[in-house]
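The structure appears right after this line, and notes come after that.
Note that the structure is predicted; figures quoted are calculated from it, not measured. Because only heavy atoms are used, hydrogens play no part in the values below, and waters and symmetry mates are left out as well, while side chains stay in. All ligand and atom numbering here is 1-based and tracks the order in the structure.
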Amino acid sequence: MAEEELPGVLILDIGGTHGVLENLAALLKKHFRLITMKEFLQNKKEMSKKIQSIFVFECRPTIDRELLESLPNLKVIGNSGVGVNHLDLKMISSFGVKVTNTPHAVADPTADIGMALMLASARRLVEGCQIAVSPDTKYFAVDWLGVEVTRATLGIIGMGSIGYRVAQRARAFDMRILYHNRNRRRKEEEEAVGAHYCEKMEDLLQQSDFVMLVVNLTPETHKLIGKKELGLMKPTATLINISRGAVIDQDALVEALQNKVIRAAALDVTYPEPLPRDHPLLKLNNIIITPHIGTATVQAIRMMAEEAITNMLAVLNGQPIPNHGRRRATWAFGK
Ligand SMILES: O=C(O)C(=O)CO
């Protein structure tokens, strides 16, 4: 098909260097007439008619009412990533526009980051790296002892496809696995990873050496972990967050870490992102923070784009969005 005949896709905020932009653009161009924000703004009248889809790459773009009002033929927003809390779904849906996400592509790399944070925090890897390169060469490992992950208890809050993959990995470390979820997993799924269901999140918090947050950010999970929940955790426990920053009450976390209510925290997500440089979390030594890199791999970026493209094409062609089974379903919001 000639480029002019392809459905137009507006791309928002594909940042980055090292050919990321070019690679993703090449993938999109196989199926779409690619329109950058700059092109759109320069020639709004013509471009607005062509745009049938928007590809969202970073989870901080602004899709506001004004933009939607200017795109009469928009049918679908393909979010590259699983979390869609940065999009106003209700407002978007009121325009008859669907939002799709990419749960398949994100599951493994995000679970890997959860494990990496757990291990790095347990073994004080970041401090170790700093000590190894510091001018002082007279250091003793006994001065910064870590704790072991092997055979410890891991509590997973949110047992969707990412949480389940964390459990699969944790099993290889002989961990005792507890989980709390809105819906209990099937018995065979629990048995396959040796996970025990905690109906009450409090039970999981009290028993776990490591608590990993893997829930979606919704009004129900906003500040799910606050002063009370931190107080229920063991003083030797570590809190890991790979979901969204706002799932934790950050002021309560600062206090808990300062007062050693819990041993440590390891966060891939915060609010805001990035944190202001004078934020109290950045002044603590019992925390490690990574800059939201759950899916920052060469493979994931590509797979997310492919999944988003498949989803967007399905919507544009009036077909159901591909669904690979009950637990791994790609979902779409909107009418
Ligand atoms: O896919 C997402 O929404 C992520 O934030 C991965 O870290």
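In the vicinity of Arg244, heavy-atom distances shorter than 4.0 Å reach the ligand 1 atoms 2 (C), 3 (O), 4 (C), 5 (O). For ligand 1, the atoms sitting less than 4.0 Å from at least one non-hydrogen atom of Gly81 are 1 (O), numbered in the order shown with element in parentheses.
The nearest protein atom to atom 2 (C) of ligand 1, hydrogens excluded, is given as Val82 N, 3.4 Å; this is a heavy-atom distance. For atom 5 (O) of ligand 1, the nearest non-hydrogen atom of the protein is His292 NE2, 2.6 Å. Ranking protein heavy atoms by distance to atom 6 (C) of ligand 1, first place goes to Thr295 CG2, 3.6 Å.
In this structure, Arg169 pairs ionically with Asp112, as a charged nitrogen and a carboxylate oxygen lie closer than 4.0 Å. Between Glu39 and Arg33, at least one side-chain nitrogen of the basic residue sits less than 4.0 Å from a carboxylate oxygen of the acidic one, meeting the salt-bridge criterion. Here Asp209 pairs with Lys234 in a salt bridge; the nearest charged N to carboxylate O distance falls below 4.0 Å. Ion pairing between Glu190 and Arg186 fails under the 4.0 Å rule for side-chain N and carboxylate O.
In this pair, Tyr139 and Trp144 present their aromatic rings perpendicular. The plane angle is above 60°, beyond the 30 to 60° band.
For a threshold of 3.5 Å applied to N or O pairs, the pair formed by Val106 and ligand 1 contains no separation below that value.
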